[in-house]
Amino acid sequence: TIEKINTLYQQNIVNELSFKNNYSYKLYGDAKYKKADDNWTQWDFSGTNDETNFGIGITKNSMYGMSSSISINDVDGNYYTSSIGNYDVNRSGLNITYSIDLWKNFLGYQTGTQDLNIKLSKEQAKIKTFIEKNNFYYSLRSIYWKMVSKSRELDFYEIMIEQANKNLN
């Protein structure tokens, strides 16, 4: 049926969208809380008492084996040093990261090949769908005209039977 024929083409569209989804923007975030129950004042060195860390960012992969991201983070903490004692720190930052795959996907060799394969597969499925639909319609036309031929043949036989009955009477 036509639905079965269209399934192959639609599956290739889903594969293409899935592949391209790997290269869309992604939002990520993290939150951490660390509580140290140690009493740093009894030793003579520095340490962390409590620390809270929040971060949020956006990342995007490229088809050329590159990835970029930007994020902001905020760290609040309570620290101890033997010279100052306890003190609070609040640090905020902006991180910009850019990376390139030098091993597997240098300048998009692997993803370019995958993209080309998906495009060719989609084109092949489109052509195959076209051929299958035409074969299906050809088969339907063939069946229709066979039915018309049999109907006319049946009409012809009925006329011959009527003529034979008239000749017998």
Side-chain angles (χ1 to χ4, degrees), residues 1-35 51-76 91-169:
T1 63
I2 297 296
E3 290 85 19
K4 288 181 182 178
I5 293 170
N6 286 331
T7 304
L8 177 67
Y9 182 67
Q10 291 169 352
Q11 181 62 39
N12 279 288
I13 291 174
V14 169
N15 290 344
E16 181 182 27
L17 292 175
S18 174
F19 177 73
K20 289 187 177 184
N21 188 40
N22 293 331
Y23 305 103
S24 62
Y25 289 96
K26 292 179 179 67
L27 179 68
Y28 65 91
D30 67 341
K32 300 174 190 164
Y33 177 74
K34 182 175 83 171
K35 179 167 179 62
E51 185 176 89
T52 307
N53 186 349
F54 295 102
I56 189 166
I58 296 174
T59 185
K60 180 168 185 354
N61 295 328
S62 162
M63 286 187 57
Y64 303 106
M66 300 171 199
S67 174
S68 58
S69 67
I70 185 166
S71 65
I72 56 173
N73 63 354
D74 182 53
V75 178
D76 293 324
R91 294 182 306 235
S92 296
L94 173 69
N95 298 322
I96 298 173
T97 307
Y98 186 79
S99 62
I100 184 167
D101 187 352
L102 295 174
W103 183 254
K104 247 171 118 177
N105 194 19
F106 184 66
L107 297 179
Y109 177 75
Q110 187 178 27
T111 52
T113 304
Q114 287 175 341
D115 187 42
L116 180 62
N117 285 342
I118 287 174
K119 285 179 182 177
L120 291 174
S121 175
K122 183 179 171 187
E123 189 64 30
Q124 180 184 14
K126 189 176 182 181
I127 292 169
K128 190 172 183 179
T129 301
F130 177 76
I131 291 170
E132 292 292 326
K133 279 184 181 179
N134 283 337
N135 285 341
F136 180 74
Y137 293 137
Y138 176 78
S139 297
L140 280 179
R141 277 190 226 109
S142 175
I143 291 169
Y144 172 76
W145 286 113
K146 283 180 183 176
M147 287 175 56
V148 168
S149 170
K150 293 298 179 184
S151 174
R152 288 185 180 170
E153 190 177 324
L154 186 61
D155 291 341
F156 176 72
Y157 287 137
E158 286 176 358
I159 291 171
M160 286 184 64
I161 290 172
E162 285 178 14
Q163 288 294 330
N165 285 338
K166 281 182 187 179
N167 288 339
L168 287 175
N169 294 332

query: Looking only at heavy atoms, which two atoms of Asp74 and Ser92 are closest? And how far apart?
result: OD1-OG, 2.9 Å
- request: Might you confirm whether atom NZ of Lys26 has over 12 heavy atoms from other residues, nucleotides or ligands at distances under 6.0 Å?
  value: yes
task: Assess whether side-chain contact (heavy atoms from CB on, under 4.5 Å) is satisfied between Ile118 and Asn12, documenting all intermediate values.
output: CA-CA 7 Å; Ile118 287 174; Asn12 279 288; over 6 Å; no
If you look only at distance, which donor and acceptor atoms sit under 3.5 Å apart when one is on a side chain in residues 142-149 and the other is two or more places apart or in another chain?
none

task: Quick one: pull up CG in Leu116 and OG in Ser121 and give me the separation to the nearest 0.5 Å.
output: 11.0 Å
- prompt: Atom CD1 in Ile131, atom NZ in Lys126: separation rounded to 0.5 Å?
  reply: 13.0 Å
statement: dist Ile72:CD1 -> Ile96:CD1 (nearest 0.5 Å) comes out at 12.0 Å
query: Can you check side-chain contact (heavy atoms from CB on, under 4.5 Å) on Leu154 and Lys150, steps first, answer last?
result: CA-CA 6 Å; Leu154 186 61; Lys150 293 298 179 184; over 6 Å; no
task: May I ask you to test the Lys119-Asp115 pair for a side-chain heavy-atom distance under 4.5 Å?
output: yes
message: What's the separation between atom CG in Asn134 and atom OG in Ser139, rounded to the nearest 0.5 Å?
response: 10.5 Å
- request: Identify the two heavy atoms, one from Gly57 and one from Leu27, that lie closest to each other, and give their separation to 0.1 Å.
  value: O-CD1, 3.2 Å
query: So, for Tyr33 and Thr52, which heavy atoms are closest and what is the spacing to 0.1 Å?
result: CD1-OG1, 3.3 Å
message: Looking at Lys60, I'd like to know if its NZ atom is crowded, meaning that more than 12 non-hydrogen atoms belonging to other residues, nucleotides or ligands lie closer than 6.0 Å.
response: yes
field: Asn53 side, atom CG; Asp76 side, atom CG - distance, nearest 0.5 Å
entry: 9.0 Å
Interatomic distance, Ser69 atom OG to Asn95 atom CG [nearest 0.5 angstrom]: 8.0 Å
statement: All heavy atoms of Tyr28 vs all of Ile70, minimum pair found to be OH-O, 4.3 Å
- prompt: Can you check side-chain contact (heavy atoms from CB on, under 4.5 Å) on Arg152 and Phe156, steps first, answer last?
  reply: CA-CA 6 Å; Arg152 288 185 180 170; Phe156 176 72; over 6 Å; no
